[in-house]
Trainee: 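Supplied in structure tokens, the structure appears directly below.
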Amino acid sequence: MTYARPTFRNPDLPLNKIGRARKEYEGAISTLCAGCGHDSISGAIIQACYEMAIEPHRLAKLSGIGCSSKTPTYFLGQSHGFNSVHGRMPSVATGAAMANRDLIYLGVSGDGDTASIGMGQFVHAIRRNLNILYIVMNNGCYGLTKGQDSATADAGSINKSGAENQFQGIDLCGLGLELGATFVARSFSGDKQQLIPLIKAGLTHPGFALIDVVSPCVTFNNNAGSTKSYDYTREHMEATAAIDLVPYREEILHQQDKGTIKYIPLHDESIIAVNKLAADWDPLDKSSAMRKLAQARNEHEILTGLIYVDTQSKDLHTLLNTSDTPLNQLSQTVLMPSAEILGKINKLYQ
Amino acid sequence: MNPTDIRNPEYFHKVIDCQHACPAHTPVPEYIRLIADGRYSDAYMINWVSNVFPGVLGRTCDRPCEPACRRGRVEEEPVAICRLKRVAADFKSDISHRIPGPAASKNGKKIALIGAGPASLTVARDLAPLGYDLHVFDEQFAGGGFMRSQIPSFRLPEEVLNEEVGYILNMGVVSHFNHYVDSLNHLLEQGYDAVFVGSGAPKGKDLPELEGRMEAASRIHIGINWLANVAFGHTKEIGEKVLVIGGGNTAMDCCRTSRRLGGRDVRVVVRSPLNEMKASPWEIEDAQHEDIPFYNLHSPLRFVIRDGQLKGMDFEVVEARYDQGRRTLVPTGEVVFMEADDVILAIGQENSFPWIERDLGLDFDKWGMPVLNPDTFQSTLPKVFFGGDAAFGPKNVITAVAQGHAAAISIDLFCQGKSPAERPGPLTNLMLQKMGIHEWSYDNQTTPDLRFKVPHADKTKTLSDRMLEVELGFSRETAFHEAQRCLNCDVQTVFTASRCIECDACVDICPTTCITFTDNGEEDELRTRLNAPANNKSQDLYVADGLKTLRVMVKDENLCLHCGLCAERCPTTAWDMQKYLYHAPKACVL
Ligand SMILES: Cc1cc2nc3c(=O)[nH]c(=O)nc-3n(C[C@H](O)[C@H](O)[C@H](O)COP(=O)(O)OP(=O)(O)OC[C@H]3O[C@@H](n4cnc5c(N)ncnc54)[C@H](O)[C@@H]3O)c2cc1C
Ligand SMILES: Cc1ncc(C[n+]2csc(CCOP(=O)(O)OP(=O)(O)O)c2C)c(N)n1
Ligand code: SF4
Ligand code: SF4
Ligand code: SF4
Ligand SMILES: [Mg+2]
């Protein structure tokens, strides 16, 4: 009886730009239920970071409590990590990001962790435009505590015990737009083709990037009548666009046929290529995004893909005009004013 | 691509790389697991049924299975399949009671077998339990053919050979040893229902035109004749300086035997570049370990004689030139002299059938080889069948065994008045392996251990006694660890599309990125857009349709570790691990 992952990997898989194998982005073997959507999202995160050639030590993953919040153990085993308290990941992430602006922050949360106990934290992180990719693994229930309906469960969704949910579900993307999130997307754990480029774009975006990922709980919320099941999601998914992250601007300048593809420049050298599928929608126009989202909701469709991005986004550090050197690297000698300066300051109060 | 038909008995057979590559299709992973379990006798019997000479082959097989072994594609070296076979033979208990005795009743058919090498003995083994009256003829004093006369005792102890030849002869086979068959016609007149020709390829090639060949005849030896003379005790010594000409396995046996008969400066001289020598890498390694240097790109020019005595040989140094993949050896003009007391020519063997009359209706082609049906091994004289080196030229023991199995089926069908072309299929069985949560009936864990080395006896001892076996074989403990390296490629990943919910769990867990869900396409194009490139086209793609999204599941069989994690992580048992047993067809079920 064993449940260990062999050490061998596919020798035909190439190394990435910084010479690392995909294996170096893996974590411990998952202990989640077989078939859990969360594992697929972990797989997408591994693939995205490997393809982006992120140095693992430059990334910090933070989470709260829940099956979803356990997943950072299962990816990026060589990165920094903090598994915090239920719903409190945003404040820990804020502290970390303030102290060290040089790291890439990846927050992982669940719908319970975000939309119930952590709601207060979540909204303020958005408001402050914390520079983080915030992924919600949204299964419409509290998986870890055996499947109680969560605040994102749709009204009318039927849970495993047959009870119908009476309350309105919170739409995290709608809420994000309302609160001023500068990057909003939705995806599905079963669609890596869509999810991986979104994760890459979210990691690149300067500011708060929210990806709400429908991630079926196979054990407690994958029954007929559930609106967060594999089948339901597949049947009701509608995509705004097929997107791709192009790491260097140069690569597309030479492209001949731009067709329906729209190029959205991000702050660094990279660009999001958006191949629009939905009409009456422009990812740069917030009101069109809100309208599109509301329309899809009315039609019982699940709108996925990139929904909105603000290319002028100014993250928390920019807003606060903090020093370029991370605060945790400012030594006492730098921080302590000289006697002369101190004298000047004191004079101001005399 | 069309969905894969996993009910085709050859599909999963091909996934078991080693078994598929074995000419006799020995169920390798099955016996390796039994060895890991300490069930040596059972492991031996699985081998005995398939390849008839496990003890011999566990020491001497050409091991086509090993280059095929999947393990060699995920790490440096394949599983030591061959030497594990020896472990089964070494540590088994007395299994003689598991070998069938003479058939209880005879079927009235009488068969003659010419030659008592592995091919004939296999035919005899397969037909004996069916009640055939079997007569084996060999000019040697005992059975075994080249296994006795050619393979030196330091690689194959005589007791091992005697034991395995004995099992077959004890099945009621009548042996006529010291009996050279000098006329097929004469034999046919004696009323045999069928004749099997397993007379091997007994003629060693010579260099008759080379200057000095006649004058020095007494110190120039034909490799296979010389080895037979050593094996039968006629030749007991050799000069101090020996040149062995040729780069195949016979050359390796000649040079190593020379070292044991008094040769001190023994050299192997070949025309081809070293890396193109025909000898198996491990045979070369063993020869080098015995301080035998190799001289490549030397083409024999003349035997040098002085005062009527062989002094050595002149060689012309040649250069290998490659033109569009074709290699030519171009003389450089440089001549090199090497001293020698004796020269052994090991430059190849040929077939020769001087005892087969050419007017019997048994056709030969322009190269003097019998015209045969490649599937049935039947000649143009319907009651005469061939197999082993006599059929298609010199190969090896395991090929002789495989052809013996095939010929036995043909002979049995022929004797029943049926067409040998209508052949039986394999016996197959696909069995569930799930025992519980995270629990399979096989060790699905993959060990990272690298290949273990077989210990050798002390060189000073082995070089002074040609009967002393060089390889000592694995200990039980090392055998266990080596056996654990096997990836259990017979435990198949079986996919049921109707159960799959396309959650990707299998895709995410698979350590070697074998599985992809994607849109269907033509094979060549599909191979380029899987989660990992599928470059090894000799390995199949397992394609299944019938998914809700209308995509297909594509599994590249190439690097699957058979670790079972896909089945472990699948919430719906759409993946299951099932053991596939494939028994190649044989004349009788043992
Ligand atoms: C030096 C050397 C080393 C080898 N080492 C290996 C090895 O390590 N591993 C391996 O797999 N293979 C090895 N081989 C090859 C292997 O021995 C042969 O391929 C194999 O034995 C062929 O089997 P067979 O049954 O066709 O014929 P053989 O084994 O050649 O047997 C034929 C028998 O027929 C007898 N015979 C022939 N004509 C007549 C006749 N007219 N009347 C009566 N008897 C007759 C011969 O005396 C002989 O005993 C080696 C070969 C040589 C030459
Ligand atoms: C302060 C606190 N309150 C309650 C709990 C119990 N609890 C553990 S996980 C969980 C809900 C998790 O739901 P979600 O975030 O959706 O994660 P999932 O397991 O569904 O992925 C709750 C309520 C807790 N651990 N801590
Ligand atoms: S309980 Fe649900 S969310 Fe948690 S691991 Fe199992 S399937 Fe995933
Ligand atoms: S058994 Fe399954 S998980 Fe393991 S290597 Fe093969 S396909 Fe991948
Ligand atoms: S784990 Fe099972 S259900 Fe999920 S995609 Fe693989 S085969 Fe299908
Ligand atoms: Mg949840």
Side-chain angles (χ1 to χ4, degrees), chain A residues 1-14 21-23 26-47 50-51 71 74-75 139 188-193 195-196 214-220 222-223 229-235 237, chain B residues 70-71 73-75 435-449 487 500-514 516-519 530-536 547-549 551 556 558-575:
Chain A
M1 162 167 162
T2 69
Y3 188 47
R5 208 164 184 227
T7 49
F8 300 122
R9 293 294 177 270
N10 191 317
D12 295 334
L13 277 180
R22 191 174 67 188
K23 188 180 182 180
E26 293 173 1
I29 194 166
S30 170
T31 57
L32 301 186
C33 303
C36 175
H38 300 352
D39 279 335
S40 266
I41 303 173
S42 299
I45 292 170
I46 290 168
Q47 186 69 24
Y50 154 73
E51 285 177 14
T71 60
Y74 316 134
F75 57 78
N139 53 16
F188 170 42
S189 66
D191 187 355
K192 284 207 185 71
Q193 235 173 322
L195 181 55
I196 291 168
V214 180
S215 176
C217 170
V218 273
T219 303
F220 298 114
N222 194 36
N223 48 287
S229 67
Y230 280 105
D231 283 352
Y232 185 93
T233 309
R234 283 217 169 85
E235 279 156 26
M237 236 176 104
Chain B
R70 178 164 281 113
R71 181 103 189 178
R73 298 199 292 274
V74 289
E75 55 126 308
M435 305 283 282
I437 292 174
H438 301 335
E439 198 165 358
W440 302 91
S441 65
Y442 72 109
D443 257 338
N444 62 322
Q445 180 182 8
T446 314
T447 80
D449 284 344
L487 297 173
C500 174
I501 57 169
E502 297 176 69
C503 67
D504 262 10
C506 53
V507 175
D508 294 323
I509 197 73
C510 177
T512 42
T513 322
C514 303
T516 306
F517 288 83
T518 186
D519 296 328
L530 301 180
N531 287 330
N535 299 329
N536 185 351
L547 295 168
K548 279 203 180 124
T549 57
R551 296 182 299 175
D556 180 5
N558 186 25
L559 300 170
C560 173
L561 304 171
H562 300 263
C563 64
L565 285 181
C566 49
E568 199 73 75
R569 293 303 288 168
C570 179
T572 62
T573 66
W575 282 114

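In what follows, chains are A, B, ... by sequence order, proteins preceding strands, each numbered from 1.
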Trainee: To the nearest 0.5 Å, tell me how far Ile501(B) CD1 sits from Ser229(A) OG.
Mentor: 9.0 Å
Trainee: What part of Lys192(A) gets within 4.5 angstrom of chain B, counting heavy atoms only: side chain, backbone, both, or neither?
Mentor: side chain
Trainee: Relative to chain B, which segment of Arg5(A) carries a heavy atom at a distance below 4.5 Å: side chain, backbone, both, or neither?
Mentor: both
Trainee: Enter the distance from Glu502(B):CD to Asp231(A):CG here, rounded to the nearest 0.5 Å.
Mentor: 9.0 Å
Trainee: Measure Ser30(A) against the heavy atoms of chain B and call it side chain, backbone, both or neither at under 4.5 Å.
Mentor: both
Trainee: Tell me, for Cys510(B) versus chain A, whether the close heavy atoms (under 4.5 Å) come from the side chain, the backbone, both or neither.
Mentor: backbone
Trainee: What distance separates Tyr74(A) OH from Ser42(A) OG, expressed to the nearest 0.5 Å?
Mentor: 8.5 Å
Trainee: With a 4.5 angstrom heavy-atom cut-off, could you sort out which part of Ile46(A) is near chain B: side chain, backbone, both or neither?
Mentor: neither
Trainee: Side chain to side chain donor-acceptor pair (under 3.5 Å) with Asn222(A): which residues, sequence neighbours excluded?
Mentor: none
Trainee: If I measure from the heavy atoms of chain A, does Thr447(B) come under 4.5 Å with its side chain, its backbone, both, or neither?
Mentor: backbone
Trainee: At a heavy-atom separation under 4.5 Å, does Thr7(A) approach chain B through its side chain, its backbone, both, or neither?
Mentor: side chain
Trainee: Mind checking what makes side-chain contact (heavy atoms from CB on, under 4.5 Å) contact with Ala534(B), not counting sequence neighbours?
Mentor: Arg527(B), Leu530(B), Leu541(B), Asp556(B)
Trainee: Measure Asn531(B) against the heavy atoms of chain A and call it side chain, backbone, both or neither at under 4.5 Å.
Mentor: backbone
Trainee: In terms of heavy-atom proximity below 4.5 Å to chain B, should Phe8(A) be classed as side chain, backbone, both, or neither?
Mentor: both
Trainee: So which residue, Cys570(B), Ala505(B), Cys503(B), Gly436(B), ends up with the most heavy-atom pairs under 4.5 Å with chain A?
Mentor: Cys503(B)
Trainee: Picking from Pro14(A), Ser40(A), Pro11(A), which has the most non-hydrogen pairs under 4.5 angstrom with chain B?
Mentor: Ser40(A)
Trainee: If you round to the nearest 0.5 Å, how far is SG of Cys560(B) from CG of Leu487(B)?
Mentor: 8.5 Å
Trainee: Looking at side-chain heavy atoms only, is the closest gap between Val74(B) and Leu561(B) below 4.5 Å?
Mentor: yes
Trainee: Say you draw a straight line from CG of Asp504(B) to OH of Tyr230(A); how long is it, rounded to the nearest 0.5 Å?
Mentor: 8.0 Å
